[in-house]
Amino acid sequence: MILNFEHFISTYGEKLQLLLFVSIFFIAWNIENFAGVIFNYRKRNHAFVNATFIFTNIPGQFLLGLAFVKITAWASFHRFGFLYYLNFGKHPVVLFVVSFIFLDFGEYIYHILMHKVKRLWIFHLVHHSDNVVDVSTTLREHPGENIIRLSFTLLWVFLSGTAFWVLILRQIIQVFTTLFAHMNFRIPEYMDKIIGFIFITPNLHQVHHHYKKPYTDCNYGDVLSIWDRLFGTFKRLPAEDLIFGVDTHMRKEENGNFKTLFNIPFNKN
Ligand SMILES: [Zn+2]
Ligand SMILES: [Zn+2]
């Protein structure tokens, strides 16, 4: 049964991921239209600029996608990576949970590096420069960051020996969590206290998109919020105090223009 499931995810997982992304995006977009928090912006124009990054990210996505297939096949053949030593072979659910937690910790480390290393921040800044955070902000990722992010994931996958089906299943879960975290929407505070105890919610990720430090440098978590709690980077901020963007790049002409955004990492400053 589990073997069939692993086979199904390895074979159809990527198509399912794409289908889910489009469907959840559509649902989230419509929820925002009546239950959003910010309405005074040109939503379609804003989404158009962010969605342009889909095209610039195709080559990196494709090449690193191939690298994931090769690395996971090589690791499985040579039984390379610490997950093979822990021997969860007969317990795929345990294997999935342990791999998931490890990869999520990897995303947390990666995210801190993107903020703390200046040469990396200039790429990640493009995502943060959005003056309105809504579901389309998920797409706003400079191709340079796309390559850096996938290379880091590739490194964690290589070190751990993550199985291909585990990786794809994690990405399917990430479709829900990243789209949810970026929605122009707030969940009730009492629910945020419960869900946010373990998971990153829109309320928590919005604090990360606040225009000023120390708030920008908090809530780094990808799916889980536990790392922020463990390492002291967890913060809350009331909705009325939130201002989205980056204090050094607040000009609307710059933030709403694809070409200017694309050039940010290559500008001398
Ligand atoms: Zn960030
Ligand atoms: Zn974000």
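Scope of the values below: all heavy atoms of this structure, side chains included, with no hydrogens, waters or symmetry mates. Every number for a ligand or one of its atoms is a count from 1 in the order of the listing.
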Can you say whether the rings of His205 and His111 are parallel (under 30°), tilted (30 to 60°) or perpendicular (over 60°)? tilted
In terms of relative ring orientation, are Trp227 and Phe105 parallel, tilted or perpendicular, with 30° and 60° separating the classes? tilted
Verify the distance criterion only: is there a donor paired with an acceptor across the side chains of His249 and His128 at less than 3.5 Å? no
Can you tell me the angle formed at the Zn ion (ligand 1) by NE2 of His128 and NE2 of His111, to 10°? 170°
Working note: Leu113 + Phe152, criterion side-chain contact (heavy atoms from CB on, under 4.5 Å); need CA distance, chi angles, decisive distance, verdict. CA-CA 11 Å; Leu113 289 173; Phe152 266 99; 3.8 Å; yes
Metal proximity, His124 vs the Zn ion (ligand 1), N/O/S cut-off 2.8 Å: yes
Backbone or side-chain N/O/S of His127 under 2.8 Å of the Zn ion (ligand 1): no
Report, rounded to 10°, the angle at the Zn ion (ligand 2) between the two atoms NE2 (His209) and NE2 (His182). 110°
